[in-house]
Amino acid sequence: MLNFVIRRVAIAIPTLLVLLVASFWLMQTAPGGPFTSERPLPQQVLDNINAKYGLDDPLWKQLWNYITGIVTQFDFGPSYKYKDRSVNDIIAQGFPVTLTYGILSFVVAIVVGGILGMSAAIRQNSWLDYFAVGITIGAQVLPNFVMAPILILVFTLWLGWLPGGGWNGGQWQHLIMPVIALSTSYMASIARLTRSSMLEVLRSNFIRTARAKGLPNRTIIWRHALKPSLLPVISYLGPAFVGMVTGSFIIDSIFGTGGVGYFYVNSAFNRDYAVMMGLTILLGSMTIMFNMVVDILYAWIDPKIRL
Amino acid sequence: MNISIKATLMASAFAMASPVLAAGTHPETGEALADDQTFTYRVLDEHTSVDPQIVEDVSGSEIVRDLFEGLYNQDEKGNLEPGVALSHSVNDDNTVYTFILRDNAKWSDGKPVTAGDFVYAWQRLADPATASAYQWYVEVMNIKGAGPVMAGEAGVETLGVKAIDDHTLEVTLNSPMPYFALTTTHTSTFPTPAWAIEAHGSDWIKPDNIVVNGAYTLTEHVPNERLVRERNEMYWNNEATIIEKVEALIINDENVALTRYMAGELDRTEIPAGQYPALSQSNPDETTVFPRLCSYYYTINVSDNAPEFLQDVNVRQALSMAIDRDIIVEKVLQGGQTPAYTFTPGATANFDVPAVEYAGMTQAERNAKAVEMMAAAGYGKDSPLDIELIYNTSEAHKKVAIAVSQMWKQTLGVNVTLANQEWKTFLETRGNQDYQIARAGWCGDYNEASTFLDLVQSGSGYNDAKYNNPMVDELLAGAKTMTDPQANYTKVEELIAADMPIIPIYHYAGNYMIATDLENWPVENVEQNWYSRNLYKIAE
């Protein structure tokens, strides 16, 4: 087991490095730069700014300075667009927001999705099954950029129950709509996955044996059917978790929550190199880490993988 | 005591108490003021900075105008009114300006605002080490010695600005400039506290460290969520401030912003494109439209590497004439914009829109003339011209481009290929003259026609058409020192209309939803330089 973990960590580091160099190169090849604007700056002004940020150095040196800055001082550099904030500031303020609504969405998606999927499988072809399947299909076809404005329209404008956006330090009223909008489609996928894999397991030979032994239904489901039917769900949970906690451009821009999702997408448009790179590293290492966690979980549940 | 006496006593007690309980009445208009004087408005995007010498975007400048105060402010109509400066005098040849500063202006930490704070700020702006994107503004102000200081060849102390004493600021210019005082309302000229900047470096503008001299101070900033400013008790005219607290909420999506406005969460928001007609019906008291100092136009590549047909003035004229601007503003945009036949908007101060010939024709006449000119260039419906029109990705630009391409197709038989590009890519393409016809927009930096017309100067960095007419250059250079440059501006506009390197399409309009209890929004200030301290909320 330990070997397995070490092997995965060892692969993660070069992966991250490749990601870093590739995104740096892609950023540099995009037309324009952080200071390209509708009002082109006089050359002299541009020179001053480039000198201040070290953008007049050769590319390999910029990349080297950037990496050494991170390694030696944990400094991810300045934002070129938001002049008085560093990338560290942006992450320090935005990431807790993203993490809060991301984790909540994850929990909601698992609990609601899991319950819906299991109950649908256990009572296949009942009204409960049709209801669950109907809900999940509906939730999956309604993208969150459509759902979010509808939620605001209903709960803020018509009913007046919830504030239409903002974060306000993470007050619960401000969390409800972002969490619903973000978790719904994941919830639907989890429900569908759970349902189909549970159905498959319930039809397998060992369950038939258990029934033949006369075990009560509850024991069959909880002790024998649950664990194997979770395998496909778990492999989905890794990417889903990363997808939720790394933030959502849609959630941030519609609800004005101030998470890193908005900064990530916009930094590409702004050619805000350091913000873009910093967030790539953060989100990239989270992706790698959670995929690793999933693999380890997998190995723990299913010993065949460890071989 | 009988009941009626008791009631009378109660009533009189209430009558006496009520002016104390309520927030009171407006000192000038006598309107009853609301108890909650919080002004909440929507901004599209996070501001770039609130440091006066660093800020470079509109929403950041709005915040800076609340936090800091320069020599002069603008009133509701955009005219100068005293800020830190009470008055100024000029020497005979308009090159030395002496400003007298008020002695009761204070920083929020209690220190007096002195002429030295302005000297520091202006030197800081010019200093290459500051790397301000607005460094060039020192050159626009024409301050003596700006060139060498900006290039790093001379020390900042050689800049032509000095403090005679704490309340007298003397500015020396390179050459006479009659409108110099107008340039001091720009945020990059606002004073900054040297001691705070030295103590905290670039963190000095964080809420805990900031020292301000404006009507409000910064109390909270959550990136991409909100920025809060509250009354600054040390401001010299604090008594006149009515709004206690100003909240800027960053809401990227304009439709969501409108929903939140409708739910009462905002006092002001922009009207999303295309929704003005419906909203002006349903909420007539809240929709507000006013002219802006901005022009929307198409620039035509007339540089040496442009295709030959664009070098033909007949083609350019025909393309311009075939655009029915009334349809664009009335049917496509529907937001109070006005058709443009000249580059400079009519809303510009001291500018009379010249009567260029094609503006006076009917659209039928223009179309007929366009067909004629296109034929003279050798093109027509039988031998159609192929043109590529590029614009930066946006629904609104797309709508205009589609309408224009239809007009060109129907009237002239021109086949138009539309292409949209992501913003920075678009700027590169346009800036490198790698295009045929491109969408463009321009908003004035100050309220004078040269802020527009300088764009068609051959040496201008903003001249993406690469238009080069020595006569235009000469007229514009001459206008700089004239007390009444209107005649020159008229001639330049006529030359633009004759050569048509750019096709003016419309002049922008500001489109706001403003809550009915928010009063005194300066709709007549075409630059939209507003100050929260002039606003107030009435009791409803």
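Below, chains carry the letters A, B, ... as their sequence lines are ordered, and counting in each starts from 1.
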Task: Residue A:Phe269 excluded, over 12 heavy atoms near CZ under 6.0 Å - done: no
Task: Salt bridge present between B:Glu422 and A:Arg271 (N-O < 4.0 angstrom) - done: yes
Measure distances from [X] to the heavy atoms of chain B and classify the residue's part below 4.5 Å as side chain, backbone, both or neither.
| X | value |
| --- | --- |
| A:Pro40 | both |
| A:Lys52 | side chain |
| A:Thr257 | backbone |
| A:Pro78 | neither |
| A:Phe35 | backbone |
| A:Leu41 | side chain |

Quick check for you: to the nearest 0.5 Å, what is the distance between [X] atom [atom1] and [Y] atom [atom2]?
| X | Y | atom1 | atom2 | result |
| --- | --- | --- | --- | --- |
| B:Asp57 | A:Ser37 | CG | OG | 11.5 Å |
| A:Lys83 | B:Asp51 | NZ | CG | 10.5 Å |
| A:Ile49 | B:Ser132 | CD1 | OG | 7.0 Å |
| A:Asn270 | B:Lys424 | CG | NZ | 6.0 Å |
| B:Leu258 | A:Ile152 | CG | CD1 | 11.5 Å |
| B:Glu225 | A:Phe255 | CD | CZ | 13.5 Å |

Tell me, side chain or backbone of [X] under 4.5 Å from chain A's heavy atoms, or both, or neither?
| X | answer |
| --- | --- |
| B:Trp423 | side chain |
| B:Ser202 | backbone |
| B:Glu56 | side chain |
| B:Ile250 | backbone |

Open item on the list: Within residues 84-95 of chain A, which residues come under 4.5 Å of chain B, heavy atom to heavy atom?
Closed with: A:Asp84, A:Arg85, A:Asp89, A:Gln93
Task: Close side-chain approach of B:Pro223 to A:Phe263, heavy-atom, < 4.5 Å - done: yes
Task: Partner chain A: residue of B:Asn255, B:Thr425, B:Asp203, B:Asn392 with the largest heavy-atom pair count (under 4.5 Å) - done: B:Thr425
Open item on the list: For a side-chain contact (heavy atoms from CB on, under 4.5 Å) check, start with the C-alpha distance between A:Asn48 and B:Gln135, then their side-chain angles and the critical distance, and finish with the verdict.
Closed with: CA-CA 10 Å; A:Asn48 290 337; B:Gln135 188 196 30; 2.9 Å; yes
Out of [options], return the one with the most heavy atom pairs under 4.5 angstrom to chain B.
| options | value |
| --- | --- |
| A:Asn266, A:Asp252, A:Asn168, A:Asn50 | A:Asn168 |
| A:Ser253, A:Ala148, A:Gly32, A:Pro42 | A:Ser253 |
| A:Ser79, A:Gly164, A:Gly33 | A:Gly164 |

TODO: Determine, step by step, whether B:Asp45 and A:Tyr262 satisfy the side-chain hydrogen bond (donor to acceptor under 3.5 Å, both in side chains) criterion, reporting the C-alpha distance in whole Å, the side-chain angles of both residues, the deciding distance to 0.1 Å, and the verdict.
DONE: CA-CA 10 Å; B:Asp45 202 349; A:Tyr262 177 79; 3.1 Å; yes
